[in-house]
Structure formats: C-alpha cells, structure tokens
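The block underneath contains the structure these notes are about, expressed in structure tokens.
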Amino acid sequence: MTIKEQLIEMFSNRQAKVAVIGLGYVGLPLAVEAAKAGYQVIGIEVDSNKVNLVNQGKNYIGDVKDEELNQLVSNGKLRATLDYSEIQNVEVVAITVPTPLNKTGDPDMQFIVSALDKMEPFVHQGMLVTLESTTYPGTTNELMVPQLTRNGLKIGVDIFASFSPERVDPGNPIYHTQNTPKVVGGSTSDCCEVAISFYQTVIQNVVRVSSATAAEMVKLYENTFRAINIGLVNELAIICDVLGTDVWEIVNAAATKPFGFMPFYPGPGLGGHCIPIDPSYLAWKLRFHNYRAKFIELATEINGHMPEYVIQRIIRIFNNLQRSVKGSKILLMGMAYKADIDDVRESPALDVMILLKKLGATVDYYDPHVPSIREENHSIQSIALTSDKLNEYDLVVITTDHKKVDYQLVIDHSKLIFDTRNALQKLGYKGNNVIKL
Ligand SMILES: NC(=O)c1ccc[n+]([C@@H]2O[C@H](COP(=O)([O-])OP(=O)(O)OC[C@H]3O[C@@H](n4cnc5c(N)ncnc54)[C@H](O)[C@@H]3O)[C@@H](O)[C@H]2O)c1
C-alpha cells in the first residue's frame with residue numbers, strides 16, 4: 001500500500017489523528033466538526049487561556065455549541081495543548097492562524113511562518129498538512145511546501161499539502177463549518193486526492209479545484225467580490241446624499257429584481273478579519289508582477305473613508321442645530337463590526353469613536369455582545385441601556401444592528417438618532433428624530 005492509500009484508509013476508518021493549529025473563530029469550529037466526524041482531535045494554541053478553556057469544556061466562540069464542545073472534551077475526542085511535539089503523532093494538520101495586515105498595509109505572515117517553524121521538527125512521513133488561513137496566491141507552494149520537505153520528504157508521495165479556504169460566516173444561523181461547501185486544491189494531484197478524502201469525512205460538500213493556488217484565489221475572489229460591492233453601495237450612499245435620495249429605498253427596490261442583482265448594504269465602513277484585509281493580500285501579490293488591482297484599490301479607498309464620511313454627516317447634524325461636536329455627548333449603538341456577533345476586529349465603530357473623541361465629543365458605547373473594548377492602554381465598558389442613560393446623549397449613532405437591542409427604548413428616550421444601518425426602518429419606525437445614512 002502506498003502512503004497515500006494508507007492515509008485514505010485511515011480517514012475512512014477514522015484511525016487518523018487530527019491537529020488544528022490556532023483555535024479561533026475558524027479553528028475551534030473545525031476542530032469540533034473533525035471530532036464529531038469521529039477523529040481524535042488536538043488543538044494546538046499559543047494562548048494558554050484558550051487551551052485551559054477548551055480542556056475544561058468551556059466554549060468561547062459564538063458558532064460553537066457549548067454542550068457539543070463539553071461532550072467532545074469529556075469523551076476524550078478533543079483536547080488542546082501548547083505543545084507542538086504532538087504533531088509527531090498525527091496524520092492531519094490544519095493551520096487556521098491569523099493573517100492580518102502589518103502597519104504599512106502589507107500581508108503579515110508572522111503567524112503562518114511561526115506555525116510552520118514550530119511544527120517543522122515534528123513533520124513526518126504520512127501526513128496531510130492543509131492550510132486554511134486566507135492568504136496570497138502561492139503561499140502553499142512557495143512558503144509551506146519547501147518547509148515541509150526540508151527534511152527530504154517528497155511532496156505528493158511521503159507528505160501531502162493542500163489549501164482549503166475557510167468560508168465561515170460568524171453568526172450565520174443557517175450556514176456553518178459543516179454545511180458550507182469546502183473548496184480544496186492540492187500541491188499535486190495526489191495531494192488533492194488525499195485532502196479531498198479527509199475533508200469529505202468532515203464537511204458535507206467538497207469542491208475540487210485544480211491546484212492549491214486556485215483554491216487560494218477562490219477565497220480572495222469571493223472576499224474581493226464582497227469588498228468591491230460594499231464599496232459600490234457605500235459610494236451610492238454618498239451619491240444619494242448628494243442627490244437627496246434615500247439609498248435604502250434604492251437598494252431595497254433594486255433587490256426586487258429576481259435575476260442579475262444581489263443587494264449589498266451601506267454602513268459606517270468595513271470590519272472583521274476578512275473583507276477589509278483579504279483583497280490587500282491579492283493586491284500585494286500583484287505588485288510583484290507590476291500589476292495594480294484597480295478595483296481593489298478603489299473599494300479599499302471608499303470603504304476606508306466611510307468612518308470619516310459618517311463624521312462629516314454628524315458634524316452636519318450638529319451644525320444644523322447650531323451646535324458643535326466639541327462638548328457634545330454621543331452614544332454609539334454597537335461596537336461589533338456586524339450584527340449579532342462579538343467580533344470588534346477592524347470594526348468601523350472603533351474608528352468613529354476615535355474620530356469623534358478627536359473632535360472633542362464625549363463618546364460612550366452600548367453593545368450587548370461586547371461588554372468591554374481596549375482602546376490604546378485602557379479598557380472601556382459598554383454602558384447599561386436605560387431610559388435615564390439614553391436621555392443624557394445629544395446624539396445616538398446606530399453603528400451595528402444587533403437583534404438583541406431594545407430599539408423601542410432607544411427610540412423613546414433619544415433626542416436624535418443617526419442610523420447608519422437602517423435598523424429602525426427595518427423595524428418599521430419612521431419617526432422624525434431619525435436621520436439615515
Ligand atoms: N473569522 C472569520 O470569519 C474568518 C472566515 C474565513 C476565513 N478566516 C481566516 O481564517 C484565519 C484565522 O482567522 P480567525 O478569525 O479564526 O482568527 P482568530 O484570531 O480568531 O484565531 C486564530 C488563533 O490562532 C492562534 N495562534 C496564533 N499564532 C499561533 C501559532 N503560531 N500557533 C498556534 N496558534 C496560534 C491565536 O492565538 C488565535 O487563537 C485567518 O486567515 C482569517 O482570514 C476567518
């Protein structure tokens with residue numbers, strides 16, 4: 001039996017052991033799904049707090065069910081560790097570490113590089129290493145494979161490498177890790193076959209593409225598509241303001257077209273660990289080929305400018321009242337970058353808060369999913385939402401449209417509301433103390 005055949009057999013009878021490196025929004029749900037599929041799973045983390053929580057069966061990711069994690073941990077199917085040497089005993093390694101941008105807006109590959117460096121001494125014959133972190137096209141073949149084969153192992157024969165982008169949409173009530181189709185591309189055709197055989201045992205629907213680079217491109221295309229369309233609708237919001245039309249009415253009416261149109265909605269900017277970042281990975285790679293990704297640059301500029309645009313609108317609101325932002329008291333409703341989740345990474349609400357403070361406003365926030373945030377070196381707590389508290393603010397800005405919020409209370413006790421998410425009209429409220437983006 002070849003090594004490839006042995007691995008495929010170990011997947012079909014679940015004899016293979018699986019390690020997931022990085023137990024965050026992507027890694028923990030994947031680890032849970034692999035354990036539910038019948039594998040023995042080890043999560044490898046650098047954050048000892050997460051290791052302890054997992055080993056106590058305590059969940060910290062919204063999309064993971066508390067009881068499910070608890071049960072898998074108590075049955076010994078899932079555990080976490082800080083120790084990379086465990087890799088010598090596993091047949092599958094899935095890498096799900098962060099891929100942010102650095103201060104100059106270029107890919108920050110330090111987490112992937114560090115994961116590969118730490119696992120290198122324990123890489124062995126008869127394993128599949130699959131990268132899931134979103135990254136620039138070429139990472140699997142140019143960065144990962146050379147390191148996996150440094151000890152003389154032959155790719156596609158002794159060891160197998162693939163890229164399979166994670167598409168998780170945190171907070172989505174229908175689609176989660178297990179039932180979202182998974183694109184898989186291998187470094188070689190045999191690598192792809194091994195990777196597909198593994199993923200088919202964990203994920204409902206697996207989609208094969210011709211190479212790891214193709215799989216990397218698929219993810220970047222999907223997220224670039226979103227970033228560009230959000231950029232377009234954000235610019236439409238500015239255009240509608242100039243022309244005195246209601247952007248929400250235009251988008252909602254356009255969305256009644258049953259073919260050839262997909263609605264995107266404006267807001268105070270882009271947030272999260274994906275849409276504001278991933279297109280820059282593609283644009284960065286293209287710069288090596290003397291090609292400028294023009295759509296990406298334009299969308300990045302428009303989306304990045306939205307917090308400033310929101311500030312301009314707030315200044316206009318105060319100007320119309322013959323008042324200034326300086327000395328005013330403003331409440332931001334929502335700190336998470338999108339509805340019904342607790343993730344504040346790259347959240348535009350943070351930018352709006354900082355910009356308002358620079359103008360001399362006193363700014364508080366309320367977010368039922370985000371009890372506190374860190375700004376520079378200090379912690380800021382979400383306020384408790386009460387009628388008395390709401391009465392204190394000159395302006396309430398709806399920056400996230402969480403379902404959990406008591407909007408009736410907000411409507412009844414706020415003097416003025418600037419709704420950047422159309423949250424109130426969605427509830428059917430059209431009162432005259434509301435100004436919409
Ligand atoms: N969050 C999403 O919605 C989403 C969706 C699709 C794809 N992605 C991509 O998935 C990847 C992971 O994103 P995430 O949101 O899960 O990030 P995250 O920050 O929630 O989780 C990453 C985890 O990796 C750990 N880590 C960092 N370096 C490590 C190392 N060397 N060894 C072991 N653990 C390490 C961190 O402590 C953290 O717990 C990124 O590339 C991201 O772009 C994220």
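Order of appearance sets the numbers: ligands from 1, and atoms from 1 within every ligand. Numbering starts at 1 and runs along the sequence shown. Every value quoted in this text rests on a predicted model; they were computed, and no experiment measured them.
- Residue-ligand proximity, A115 to ligand 1, at heavy-atom distances under 4.0 Å covers atoms 31 (N).
- Of all protein heavy atoms, the one lying nearest to atom 6 (C) of ligand 1 is E166 O, 3.1 Å.
- Figure legend: K118 and F122 shown without cation-pi pairing, the cationic atom not lying both under 6.0 angstrom from the six-membered ring centre and within 45 degrees of its axis.
- Interatomic distance, CG of L148 versus OG of S187, reported as 8.5 Å (0.5 Å rounding).
- Summarising the contacts of atom 37 (O) of ligand 1 with K118, E132, K338, E45, the nearest heavy atom is found in E45.
- For atom 10 (O) of ligand 1, the closest non-hydrogen atom of the protein is V26 CG2, 3.4 Å.
- Atoms of ligand 1 found under 4.0 Å from any heavy atom of S133 (numbered from 1 in listed order, with element): 11 (C), 41 (O).
- Every atom of ligand 1 is numbered from 1 in the order shown, and the set under 4.0 Å from a heavy atom of P98 is 19 (O), 22 (C), 24 (O), 27 (C).
- The protein atom (non-hydrogen) at minimum distance from atom 43 (O) of ligand 1 is T134 OG1, 3.4 Å.
- Ionic pairing of E9 and K4 is not present here: no N-O contact between side-chain nitrogen and carboxylate oxygen is shorter than 4.0 angstrom.
- The nearest protein atom to atom 21 (O) of ligand 1, hydrogens excluded, is given as G24 CA, 3.1 Å; this is a heavy-atom distance.
- A salt bridge links E33 with K36; the closest basic N to acidic carboxylate O contact falls under 4.0 Å.
- Residues D190 and V157 form no side-chain contact, since every pair of their non-hydrogen atoms from C-beta on lies 4.5 Å or further apart.
- Heavy-atom contacts of I44 reach the following atoms of ligand 1: 33 (C), 34 (N) (cutoff under 4.0 Å).
- Taking distance alone, with nitrogen or oxygen atoms compared against 3.5 Å, P170 stays at or beyond that limit from ligand 1.
- Looking at atom 2 (C) of ligand 1, its nearest protein heavy atom turns out to be C274 SG, 3.9 Å.
- Atoms of ligand 1 found under 4.0 Å from any heavy atom of H273 (numbered from 1 in listed order, with element): 13 (O), 15 (O), 40 (C), 42 (C), 43 (O).
- Taking distance alone, with nitrogen or oxygen atoms compared against 3.5 Å, T99 approaches ligand 1 more closely than that limit.
- Here T96 has backbone heavy atoms under 4.0 Å from ligand 1, and that is the only part of it that gets that close.
- Of the N or O atoms in Y25, one or more lie within a sub-3.5 Å distance of an N or O in ligand 1.
- Looking only at side-chain heavy atoms (C-beta outward), V20 and I44 stay at 4.5 Å or farther from each other.
- In this structure, Y39 and F11 have perpendicular ring planes: the angle between them is above 60°, well past the 30° mark.
- Counting the atoms of ligand 1 from 1 in the order shown, those under 4.0 Å from a heavy atom of I21 are 32 (N), 33 (C).
- For atom 17 (O) of ligand 1, the closest non-hydrogen atom on the protein side is R345 NH1, 3.4 Å.
- In this structure, T135 OG1 and K285 NZ are separated by 9.0 Å, a value rounded to the nearest 0.5 Å.
- Per-residue contacts place K219 under 4.0 angstrom from the following atoms of ligand 1 (heavy atoms of the residue considered): 6 (C), 7 (C).
- For ligand 1, none of its N or O atoms has an N or O atom of D343 under 3.5 Å away.
- Among all non-hydrogen protein atoms, the one lying nearest atom 28 (N) of ligand 1 is F111 CD2, 3.5 Å.
- By the criterion of a heavy-atom distance under 4.0 Å, the side chain of Y84, and not its backbone, is placed next to ligand 1.
- In this structure, the protein non-hydrogen atom closest to atom 24 (O) of ligand 1 is G22 CA, 3.3 Å.
- Ligand 1 has no N or O atom lying under 3.5 Å from any N or O atom of D278, backbone or side chain.
- To the nearest 0.5 Å, the span separating CG on L409 from OH on Y366 amounts to 9.0 Å.
- For F264 and F225, the ring centers sit closer than 6.0 Å to each other.
- Sequence neighbours left out, not one pair with a member in residues 301-312 passes salt bridge (Lys or Arg N to Asp or Glu O under 4.0 Å).
- Here's the thing with K50: one of its N/O atoms is less than 3.5 angstrom from an N/O atom of ligand 1.
- Proximity of a side-chain donor or acceptor of D367 to a complementary backbone N or O of M335 within less than 3.5 Å is detected.
- Taking a cutoff of 4.0 Å between a charged side-chain nitrogen and a carboxylate oxygen, K182 and E132 qualify as a salt bridge.
- Ligand 1 has a nitrogen or oxygen under 3.5 angstrom from a nitrogen or oxygen of S114.
- Annotation: Y25 is not in aromatic contact with Y60 [ring centroid separation under 6.0 Å not met].
- The shortest side-chain heavy-atom distance between E375 and I354 falls under the 4.5 Å cut-off.
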